[in-house]
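To start, the structure under review is shown below, and the notes come after it.
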Amino acid sequence: MRRIAVIVLVLLGIYRICSAQVLFAISGKSSRDKSYLLATNRHVDMTFIDTIPNAFSCFSRCNKVITEFAMQDYEALAALRQAAILPDSVRLTNFYDDKDYAYIDQSLRLTLGMGLDQLCRMKPAYLTEMYRAELMKQWLQYDENRSMESFFEKVAAERDIPIYGLDNVGETMYMLFDREPFHWQCQELKKVIDYPEREVKQEKTIREMYLMGRLTDIAYQVAGPDNQTSISFSDYKIYAQRNLEWVKRLAPYLKDGGAFITLNCIYLGGDKGLLAQLKAAGYKVKPVNHSLSIKKNRATGK
């Protein structure tokens with residue numbers, strides 16, 4: 001009996017993961033056709049998409065892809081790389097004493113294989129992201145080339161499907177590198193190096209919640225008072241405000257219909273998440289489930 005119970009629990013767990021609600025249909029407000037929104041997580045392998053009911057079917061019905069920032073825009077990417085460089089008048093040595101500077105240099109060498117002699121011209125926010133990304137590769141087996149986050153954007157680029165970003169280059173530069181003063185960025189970098197386990201634990205928890213479709217819990221995890229990681233309540237407030245602007249920018253795409261929207265799961269759940277803001281704006285937002293494929297198969301006889 002115990003063995004049977006364990007098997008049932010395992011199967012229920014697998015079913016729950018495979019049935020995770022991370023894909024939504026958006027309609028209403030005089031939309032000509034439905035659009036779809038897929039919550040993504042960069043630390044989840046792209047094979048997880050195979051377990052999302054109707055993900056590929058919904059994508060095939062769309063004629064454009066909407067994302068946070070169009071990563072296939074190579075000129076924009078070049079501008080971002082340039083924006084990651086410190087102004088000539090700013091030096092990291094101005095923000096750290098000799099002991100902290102040597103400590104950060106050693107930590108970067110151990111984790112990234114490069115020290116501040118090579119990286120000192122980069123903004124601290126950029127170094128923090130580099131360091132965090134390497135932590136996730138080592139501790140969560142994160143492979144950026146197999147991340148589900150950019151999968152449909154890559155497919156769209158291969159098929160010449162238009163890709164639009166909700167943020168322009170300037171806004172993305174600001175969000176990544178300039179929304180915090182340099183001295184705060186320096187403190188953040190040292191904090192992440194001091195407590196790498198916090199960052200990994202947070203991302204692992206968010207990934208587990210994502211795999212179960214718990215988008216609201218993800219919002220609470222980020223905005224919670226106990227969160228001391230580099231993505232915390234102050235970031236959540238910025239995301240909440242940006243969601244209001246994104247609803248406005250999505251309006252013409254949703255009116256036309258046929259948009260496939262892919263966005264990081266941390267922006268979507270909770271009472272200030274994008275899903276709630278779309279509903280508040282008058283759109284119908286409903287989870288996509290197996291019923292779509294069942295109806296289609298019955299109609300076609302397949």
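Side chains included, hydrogens not; waters and symmetry mates left out as well; all remaining heavy atoms used. The chain is numbered in sequence order, starting from 1.
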TODO: State, to 0.1 Å, how close I193 and L108 come at their nearest heavy-atom pair, and which atoms those are.
DONE: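 Taking every non-hydrogen atom into account, CD1-CD2, 4.4 Å.
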Task: Contact list for residues 93-102, test side-chain hydrogen bond (donor to acceptor under 3.5 Å, both in side chains), sequence neighbours left out - done: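 Pairs touching residues 93-102 that pass the test: none.
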TODO: Scan for side-chain hydrogen bond (donor to acceptor under 3.5 Å, both in side chains) pairs involving residues 176-188, sequence neighbours excluded, and state none if there are none.
DONE: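 Passing the test, one end in residues 176-188: K123-D178, R179-D235.
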Open item on the list: I'd like to know if E144 and R42 make a salt bridge, using a cut-off of under 4.0 Å between side-chain N and carboxylate O.
Closed with: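 No.
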Open item on the list: One thing to verify: whether R207 and E203 come together as a salt bridge, which I'm taking to mean a side-chain N less than 4.0 angstrom from a carboxylate O.
Closed with: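 Result for this pair is no, no salt bridge flagged.
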Open item on the list: Show me the pairs that pass ring pair (Phe, Tyr, Trp, His ring centres under 6.0 Å) and involve residues 139-161, at least two apart or across chains.
Closed with: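 Only H43-Y142, F56-F152, F59-F152, F152-F260 qualify under ring pair (Phe, Tyr, Trp, His ring centres under 6.0 Å).
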Task: For Y164, all residues meeting ring-ring contact (aromatic ring centres under 6.0 Å, His included), sequence neighbours excluded - done: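 Result, ring-ring contact (aromatic ring centres under 6.0 Å, His included) vs Y164: Y253.
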TODO: With sequence neighbours left out, write down each residue that passes ring-ring contact (aromatic ring centres under 6.0 Å, His included) with Y239, or none if nothing qualifies.
DONE: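 ring-ring contact (aromatic ring centres under 6.0 Å, His included) check on Y239 returns Y267.
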- [ ] Taking salt bridge (Lys or Arg N to Asp or Glu O under 4.0 Å) as the test, write out the residues that go with D217, two or more places apart.
- [x]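 Testing D217 for salt bridge (Lys or Arg N to Asp or Glu O under 4.0 Å), a comparison that skips the adjacent residues, returns R214.
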Task: salt bridge (Lys or Arg N to Asp or Glu O under 4.0 Å) partners for D33, two or more places apart - done: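 Partners of D33 by the salt bridge (Lys or Arg N to Asp or Glu O under 4.0 Å) criterion come out as none, since no residue qualifies.
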TODO: With the side chain counted from C-beta on, respond yes when K34 and I26 share a heavy-atom pair under 4.5 Å apart, and no when they do not.
DONE: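 A side-chain contact is absent here, since even the closest heavy-atom pair is not under 4.5 Å.
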TODO: Check whether any side-chain heavy atom of L38 sits under 4.5 Å from a side-chain heavy atom of I261, and report yes or no.
DONE: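 Contact flag for L38/I261 side chains = no.
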Open item on the list: Holding to side chain to side chain donor-acceptor pair (under 3.5 Å), I want the full list of residues that pass it with D160, two or more places apart in sequence or in another chain.
Closed with: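 D160 satisfies side chain to side chain donor-acceptor pair (under 3.5 Å) with no residue once adjacent residues are dropped.
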Task: Q241: side chain to side chain donor-acceptor pair (under 3.5 Å) partners, not counting sequence neighbours - done: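 None.
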Who passes side chain to side chain contact (heavy atoms under 4.5 Å, CB included) against [X], sequence neighbours left out?
{"X": "A219", "value": "Y236"}
{"X": "T128", "value": "R132, L189, V192"}
{"X": "A83", "value": "M173, F177"}

Open item on the list: So if I apply the side-chain contact (heavy atoms from CB on, under 4.5 Å) rule between I266 and each of V222, L215, N41, which one comes out positive?
Closed with: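 Among V222, L215, N41, the one meeting side-chain contact (heavy atoms from CB on, under 4.5 Å) with I266 is V222.
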Open item on the list: Counting only heavy atoms not in K272 (residues, nucleotides, ligands), do more than 12 fall under 6.0 Å from its NZ?
Closed with: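 Not buried by this count: 12 neighbours or fewer within 6.0 Å.
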